[in-house]
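Working notes, beginning with the structure itself.
In what follows, chains are A, B, ... by sequence order, proteins preceding strands, each numbered from 1. Computation of the quantities below employed the complete heavy-atom set of this structure, encompassing side-chain atoms and omitting hydrogens, waters and symmetry-equivalent molecules.
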Protein chains: 2
Amino acid sequence: MMRAAFDRRVRRLGLTRSQWLVLSLLHRRPGVSQSELAEMLEVERAAAGRMVDRLERRNWLVRRPDRLDRRVNRLYLTAEADAVQAEMGRIAVELLDDAMAGLGAEEREALSDMLERVKAQLQGMSPRAASSPDARPGLSP
Amino acid sequence: MMRAAFDRRVRRLGLTRSQWLVLSLLHRRPGVSQSELAEMLEVERAAAGRMVDRLERRNWLVRRPDRLDRRVNRLYLTAEADAVQAEMGRIAVELLDDAMAGLGAEEREALSDMLERVKAQLQGMSPRAASSPDARPGLSP
DNA sequence: AGGCAATGGTAGCCTAGGCAACAAGCAGGC
DNA sequence: GCCTGCTTGTTGCCTAGGCTACCATTGCCT
């Protein structure tokens, strides 16, 4: 429902929530590879790749080959994307605020905290959990 | 992540979480129409219709015409669907329990309650909110 | 140097959902 | 009776994601 609400609100900008997540991430870390992007978004490489396809087709970002490793594409936002990115961020905050209108400050804190814990739990049972480099994924080591 | 985790667990049964939601609902209320189904699942009529397509194609349910209103299809589970439905329910409960393993009983209660409130808030701003029959959709009556 | 495993990216097939346009059917007003 | 408007369902086009198989490249190890 959050996704749907967000998409409804930013439709006029010609983007979706998922696309905004990419833009936002690329704004903070320009030059990441597609694999890195996929991992950060917690999504399959294929899905990330197609996302990049769509965004590139609409000129929101550019693929540029890495000079050291010919396999990887480094991703960079275009100027327009950089411009719209902030606006989307504002909308995201607004939506979050509206959605939690019925909750007090401590409740929001608690909700956020609990969801983080649930997320960690779910991450621990995801197939991608095995390759965690340093974090202990299991629950009973 | 919940959806993904659930789908991973029930894959061997040849179904998905969304499909299970339909089966579960139809088990409790056989003979609902597609529109009713869509509303109960909080999904567009088109999406519900395609869902029914897939489930019918795989013989999990049957469309039967209503005798009074030739527009509507009434939906009924097949025997196999009825059988597998309970199993899926058990898996759902298990998953929920696993996901909230890091939370105490009161926390779970609180989380559930808060999410309900957030959901209500989001429902109030959805486009389908206007046609609510009795409930007041606004936030400050 | 050569081979082999790991990594990055892509394409194919699938489910899932949104929005819009449409046809068929129903119901109420005149 | 007839027309007008609403409801039900379907179809088309779109994004989004999962899984698998595959190709190219890289890097390690012998």
Side-chain angles (χ1 to χ4, degrees), chain A residues 1-23 31-58 60 63-75 126-128 130-131 133, chain B residues 1-23 32-39 41-58 60 63-75 126-128 130-131 133:
Chain A
M1 293 177 73
M2 286 291 281
R3 185 195 50 71
F6 189 93
D7 284 354
R8 232 178 294 127
R9 290 189 183 200
V10 301
R11 200 146 189 260
R12 58 182 175 83
L13 298 179
L15 286 166
T16 68
R17 171 176 155 281
S18 297
Q19 293 175 356
W20 165 66
L21 285 174
V22 176
L23 298 195
V32 296
S33 72
Q34 293 186 199
S35 286
E36 288 164 350
L37 180 70
E39 192 177 348
M40 289 190 261
L41 295 179
E42 291 167 297
V43 133
E44 291 283 318
R45 275 205 314 275
R50 269 185 283 258
M51 196 57 129
V52 171
D53 285 345
R54 285 187 287 266
L55 287 169
E56 188 176 42
R57 193 183 338 133
R58 308 230 177 130
W60 295 106
R63 278 176 168 111
R64 289 213 282 144
D66 185 305
R67 235 163 321 149
L68 300 181
D69 188 336
R70 274 182 302 171
R71 289 170 304 179
V72 341
N73 293 332
R74 306 239 153 250
L75 306 174
S126 121
R128 277 184 289 289
S131 58
Chain B
M1 293 178 72
M2 287 290 282
R3 184 195 52 69
F6 188 92
D7 284 354
R8 230 177 296 124
R9 290 188 183 199
V10 301
R11 200 146 189 260
R12 59 185 174 81
L13 299 178
L15 286 167
T16 68
R17 172 176 154 281
S18 296
Q19 293 175 357
W20 165 67
L21 284 174
V22 175
L23 298 195
V32 297
S33 73
Q34 294 187 198
S35 286
E36 288 163 350
L37 179 70
E39 192 177 347
L41 295 179
E42 292 167 296
V43 132
E44 291 283 318
R45 276 204 313 274
R50 270 187 277 257
M51 197 57 128
V52 171
D53 285 345
R54 284 187 287 267
L55 288 169
E56 189 176 42
R57 194 185 335 135
R58 307 230 177 130
W60 295 106
R63 278 176 167 111
R64 288 213 282 146
D66 186 305
R67 235 163 321 151
L68 300 181
D69 188 337
R70 273 182 301 170
R71 288 171 303 180
V72 338
N73 294 331
R74 307 239 152 250
L75 306 173
S126 120
R128 278 185 287 290
S131 58

- prompt: Between S35(B) and dG9(D), is there a side-chain N or O to OP1/OP2 distance below 4.0 Å?
  reply: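 Checking dG9(D) against S35(B), a side-chain N or O does come within under 4.0 Å of OP1 or OP2.
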
Contacts of R71(A) that satisfy salt bridge (charged side-chain N to carboxylate O under 4.0 Å, His left out) - sequence neighbours left out: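 Residues passing salt bridge (charged side-chain N to carboxylate O under 4.0 Å, His left out) with R71(A): D69(A).
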
Partner residues of E39(B) under the salt bridge (charged side-chain N to carboxylate O under 4.0 Å, His left out) criterion, sequence neighbours left out: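 Result, salt bridge (charged side-chain N to carboxylate O under 4.0 Å, His left out) vs E39(B): none returned.
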
With heavy atoms under 4.0 Å as the rule, sort [X] into base, sugar-phosphate or nothing.
{"X": "R17(B)", "answer": "nothing"}
{"X": "R63(B)", "answer": "sugar-phosphate"}
{"X": "N73(B)", "answer": "sugar-phosphate"}

Give the rounded distance in Å between these two atoms: [atom1] of [X] and [atom2] of [N].
{"X": "Q34(A)", "N": "dA24(D)", "atom1": "CD", "atom2": "P", "result": "17 Å"}
{"X": "E39(A)", "N": "dG9(C)", "atom1": "CD", "atom2": "P", "result": "12 Å"}
{"X": "L37(A)", "N": "dT7(C)", "atom1": "CG", "atom2": "P", "result": "18 Å"}
{"X": "E36(A)", "N": "dT7(C)", "atom1": "CD", "atom2": "P", "result": "13 Å"}
{"X": "D66(B)", "N": "dG9(D)", "atom1": "CG", "atom2": "C1'", "result": "13 Å"}
{"X": "D7(A)", "N": "dA20(C)", "atom1": "CG", "atom2": "P", "result": "13 Å"}
{"X": "E44(A)", "N": "dG9(C)", "atom1": "CD", "atom2": "C1'", "result": "13 Å"}
{"X": "R9(A)", "N": "dG18(C)", "atom1": "CZ", "atom2": "C1'", "result": "17 Å"}

query: Should E36(B) and R74(B) count as an ion pair when the cut-off is N to O under 4.0 Å?
result: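 Between R74(B) and E36(B) there is a salt bridge, with a charged N closer than 4.0 Å to a carboxylate O.
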
- prompt: Under the side chain to side chain donor-acceptor pair (under 3.5 Å) test, which residues partner R11(A), sequence neighbours left out?
  reply: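 Not a single residue meets the side chain to side chain donor-acceptor pair (under 3.5 Å) criterion with R11(A).
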
- prompt: Which of these nucleotides, dG18(D), dG17(C), dA20(C), is closest to any side-chain atom of A47(B)?
  reply: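 Out of dG18(D), dG17(C), dA20(C), the nucleotide with an atom closest to A47(B)'s side chain is dG17(C).
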
task: Go through the structure and list residues passing ring-ring contact (aromatic ring centres under 6.0 Å, His included) with W20(B), not counting sequence neighbours.
output: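 Expected list: F6(B).
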
Could you run down the sub-3.5 Å N/O contacts of the protein with nucleotides 24-27 of chain C?
from    : atom 1 : to     : atom 2 : distance (Å)
dG25(C) : N2     : R71(B) : NH1    : 2.9
dC26(C) : OP1    : R70(B) : N      : 2.7
dC26(C) : OP2    : R70(B) : NH2    : 3.4

- prompt: Would L37(B) and V43(B) satisfy side chain to side chain contact (heavy atoms under 4.5 Å, CB included), going step by step from the backbone distance to the final call?
  reply: CA-CA 8 Å; L37(B) 179 70; V43(B) 132; over 6 Å; no

- prompt: Does the side chain to side chain contact (heavy atoms under 4.5 Å, CB included) test come out yes or no for L15(A) and W60(A), once each step is laid out?
  reply: CA-CA 10 Å; L15(A) 286 166; W60(A) 295 106; 3.6 Å; yes

Sort me out a list of protein N/O and nucleotides 11-15 of chain C N/O pairs below 3.5 Å, or just none if empty.
from    : atom 1 : to     : atom 2 : distance (Å)
dG12(C) : O6     : R50(A) : NH1    : 3.3
dG12(C) : O6     : R50(A) : NH2    : 2.9
dT15(C) : OP1    : R58(B) : NH2    : 2.7

message: Is it the case that the side chain of E56(A) and the backbone of R63(A) share a donor-acceptor pair, with hydrogens and angles ignored and the cut-off at 3.5 Å?
response: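 Yes, the answer is positive, given that a donor and an acceptor are paired below the 3.5 Å cut-off.
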
- prompt: How do R45(A) and R3(A) order along DNA chain D: which one's closest nucleotide is nearer the 5' end?
  reply: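 By nearest-heavy-atom nucleotide position, the 5'-most residue is R3(A).
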
- request: Report the C-alpha distance between V10(B) and R17(B) in whole Å, list the side-chain angles of each, state the deciding distance to 0.1 Å, and finish with yes or no for side chain to side chain contact (heavy atoms under 4.5 Å, CB included).
  value: CA-CA 8 Å; V10(B) 301; R17(B) 172 176 154 281; 6.0 Å; no

